[in-house]
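Scroll down for the structure; my scribbles are underneath it.
Chain identifiers are assigned alphabetically (A, B, ...) following the order of the sequence lines, protein sequences preceding nucleic acid strands; residue numbering begins at 1 within each chain.
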Amino acid sequence: MENEQHHSPAYRALLLAGTRLKPLQQVHAHLIVSGSGRIRSLLTKLLSLACAAASITYTRRLFFAIPVPDSFLFNTVIVKTSKLGFSIDSLLFYRRMILSNISPSNYTLTAVIKSCADLSALEVGRVIHGHVLVSGYDLDSHVQAALVSFYAKAGDLGVARKVFDKMPDRTVVAWNSIISAYEQNGFAKEAIGLFYLMRDLGVEPDSATCVIVLAACAQSGDIGLGNWVHEYVVGQDFDVNVILGTSLINMYARCGHVSRAREVFDLMMESNVVAWTAMISGYGMHGYGTQAVELFNQMRAHGLRPNRITFVAVLSACAHAGLVHEGRHVFASMKQEYRLVPGVEHHVCMVDMFGRAGLLNEAYQFIKEVIREKPAPAVWTAMLGACKMHKNFDLGVEIAEHLLSVEPENPGHYVMLSNIYALAGRMDRVEMVRNMMISKSLKKEVGYSTVEIDQRTYLFSMGDKSHPETNQIYRYLDELMSRCREAGYVPESESVMHEVEEEEREFALRYHSEKLAIAFGLMKTSDGMAIRIVKNLRMCEDCHSAIKYISVVANREIIVRDRLRFHHFKDGSCSCLDYW
DNA sequence: CTAGGGTTAG
């Protein structure tokens, strides 16, 4: 009987219609007219095709027209909607299934857990985890892997780890889930550690492992492992598809090798908006604004439609390269040509762009005129950065005070305000802001820098004395800085703020983490080798100026990646052209 | 008769 139906004209008509909505609806109409509109197998097939046609409305209509859906129909609709990203719908169908007293299968459960992950719906996910335990599917490896990634995405890394630790059978996918969990939550080092553990246990990485590990390399600046993964990909003859290719581009760009990123980009067989955006962003963070804009135009010429993220990448590339004219043009095209509504992130880029270029009036006007609604705090923060950079104290103080009233728990605003007071010489105010922070028990984010030497990473924090060679490092740095002073470097005591006591300020400034990391790098590597630093925060003006001098007196190329971008220091100047 | 892990910004 089944077979007969599969070869029936109606079934073949469905297959022929495929995932195109109109033809499907025509076949559907035909089914109803011919009286076969109630046959389960046909309805199921129709339902899954409707869903694959990405029409959630039609899928809903179809499903609700079925009087008593069986578990097969529920499974089909839940699995398909979850897979296509209709997460809320898949959860609603799941609820109906439970209310109809139909037990979910392990397939249903993995699908709804994935939906919860996509929605970061921690509470709903916990309830479903309960269903998993009740139904006895807690030992199913698919369900477990889904749970691990769900908890990681919903922000509970601890539970993700617990689920992983209980898995009896750790497949590559299980390892991929937990490694990705750490990477996504900002623990790149731990992710890499787990990757090495996985290899030691004899589990062969697959291409998804490579994608995840490349992301961890990009995050931590681990070019050594990044290169290894690339070689592994080639050695294993993995297909460098868009996802893997994009991961390689991202890794090379974030590890400071833009040209290698470009080589990968040029060799990719297929590419999409995401790949182009990754490459554009890579140029942007190295200050290659012209190349970023050029690539953006090539992308459009290829007929690809840029998305919101693409525009963030291009606009921020313009901001970091002083390309005000181009930035204006791109922003206009976003609205006019692509009918995209600029969001806060784009406004921030624009204000930042004007601000860096010293066009404070344009920045302010942009806020007043272009941003109709109440400007978001992030927009004011960008404006504030511009005020500080170009020493407009009055406006800066005004904005900072506004930000403090809107976001009184954000330590960054206090630090900015205090820095502006310090620049203006109002040390009494500096003290006041400092006391406000203390009374609210807010802490400035701790800065650290890492440097890689012989495949090993060394971490330094400000005034760090934990390193076994501390004394030599400090002596070396002192000697280095005095040579810089002889060459004309003048330390600024302005931007160091109140994380330390008054008398320690000079000390703190002299021993910012990047300076320590550079000193150590210079000590441990031979002449001619570039020093690569990764810093979690933005560099301060003083370090930026000091490193220019260090690049001269030590005759070394120094490459620093800070929170926002790359700075290539060479022969006394920086690639950011002080557009930082 | 279907599933789990993987790509771009800030």
Side-chain angles (χ1 to χ4, degrees), chain A residues 2 41 44-45 47-48 51-52 71-83 104-114 117 137 140-150 152-153 160 163-164 167 170-181 183-184 205-216 218 238 240-251 253-254 261 265 268 270-282 284-285 299 306-317 319 343-349 352 376 378 381-382 563-565:
Chain A
E2 270 298 296
S41 63
T44 312
K45 191 67 195 171
L47 193 64
S48 81
C51 208
S71 75
F72 191 82
L73 271 166
F74 269 116
N75 273 333
T76 305
V77 80
I78 291 169
V79 169
K80 292 281 180 195
T81 45
S82 158
K83 191 176 185 134
S105 73
N106 43 353
Y107 288 87
T108 331
L109 290 167
T110 47
V112 284
I113 293 166
K114 183 184 151 20
Y137 285 122
D140 182 290
S141 71
H142 288 81
V143 173
Q144 287 169 329
L147 278 171
V148 169
S149 85
F150 155 70
K153 282 183 185 132
V163 176
F164 174 78
M167 293 177 79
R170 290 178 189 163
T171 59
V172 208
V173 180
W175 282 99
N176 290 347
S177 319
I178 194 69
I179 295 172
S180 176
E183 190 278 322
Q184 286 175 348
D206 65 6
S207 74
T209 321
C210 293
V211 170
I212 299 160
V213 174
L214 286 169
F238 285 155
V240 181
N241 60 14
V242 222
I243 297 180
L244 190 47
T246 305
S247 308
L248 284 165
I249 292 171
N250 189 41
M251 181 278 292
R254 299 188 94 96
F265 179 78
M268 277 168 67
E270 46 163 342
S271 66
N272 60 10
V273 205
V274 182
W276 285 77
T277 303
M279 193 61 235
I280 291 169
S281 145
M285 69 176 87
M299 170 183 162
N307 62 24
R308 311 179 60 80
I309 302 177
T310 316
F311 279 102
V312 173
V314 187
L315 292 174
S316 96
V344 173
E345 62 272 42
H346 305 103
H347 292 148
V348 168
C349 288
D352 195 36
T381 306
R563 171 167 283 193
L564 289 180
R565 58 165 295 159

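With rounding to whole Å, A:Phe238 atom CZ is found 16 Å from B:dG6 atom P. In this entry the distance linking CD1 of A:Ile212 with P of B:dG6 reads 6 Å, nearest Å. For the pair A:Asn176 CG and B:dT7 P, the interatomic distance rounds to 11 Å; values are reported in whole Å. Taking atom CG of residue A:Asn250 and atom C1' of nucleotide B:dG6, one finds them 13 Å apart after rounding to whole Å. Here the C1' atom of nucleotide B:dA9 and the CD atom of A:Gln184 are 16 Å apart, to the nearest Å. When rounded to the nearest whole Å, the span between CZ of A:Phe164 and P of B:dG4 equals 19 Å. If you take NZ of A:Lys80 and P of B:dC1, they are 10 Å apart, rounded to a whole angstrom.
Side chain A:Ser141 to base B:dG4: a donor-acceptor pair is found below 3.5 Å. Checked by distance alone, A:Thr209 brings no side-chain donor or acceptor within 3.5 Å of a matching partner on the base of B:dG6.
The side chain of A:Ser316 sits closest to B:dG10 out of B:dG6, B:dG10, B:dG4. Closest to the A:Val79 side chain, of the nucleotides B:dA3, B:dG6, B:dG5, is B:dA3. Comparing atom distances between the A:Thr110 side chain and each of B:dA3, B:dA9, B:dG5 picks out B:dA3 as nearest. In the set B:dG5, B:dA3, B:dG4, the nucleotide with an atom closest to the side chain of A:Asn106 is B:dA3.
Taking each heavy atom of A:Ala261 and A:Ile249 in turn, the nearest pair found is CB-O, 3.6 Å.
Nucleic acid contact for A:Arg170: none, since no nucleic acid atom lies under 4.0 Å from a heavy atom of the residue. Among the heavy atoms of the strands lying under 4.0 Å from A:Lys83 are primed sugar atoms or P, OP1, OP2 only; no base atom is included. A:Ile309 comes within 4.0 angstrom of a base, heavy atoms only. Nucleic acid contact class of A:Thr76 (heavy atoms, under 4.0 Å, all strands): none.
Under a 3.5 Å cut-off, the side chain of A:Asn272 and the backbone N or O of A:Ala275 do form a donor-acceptor pair.
Applying the salt bridge (charged side-chain N to carboxylate O under 4.0 Å, His left out) rule to A:Arg308 yields the partners A:Glu345; only residues at least two apart in sequence or on another chain are considered.
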Using atom types as modelled, flag every donor-acceptor pair under 3.5 Å from a side chain in residues 72-82 of chain A to any protein atom, sequence neighbours excluded.
| unit_1 | atom_1 | unit_2 | atom_2 | d |
| --- | --- | --- | --- | --- |
| A:Asn75 | OD1 | A:Thr108 | OG1 | 2.4 |
| A:Asn75 | ND2 | A:Ser71 | O | 3.4 |
| A:Thr76 | OG1 | A:Phe72 | O | 2.8 |
| A:Thr81 | OG1 | A:Val77 | O | 2.6 |
| A:Thr81 | OG1 | A:Ile78 | O | 3.1 |
| A:Ser82 | OG | A:Ala111 | O | 2.9 |
| A:Ser82 | OG | A:Ser115 | OG | 3.4 |

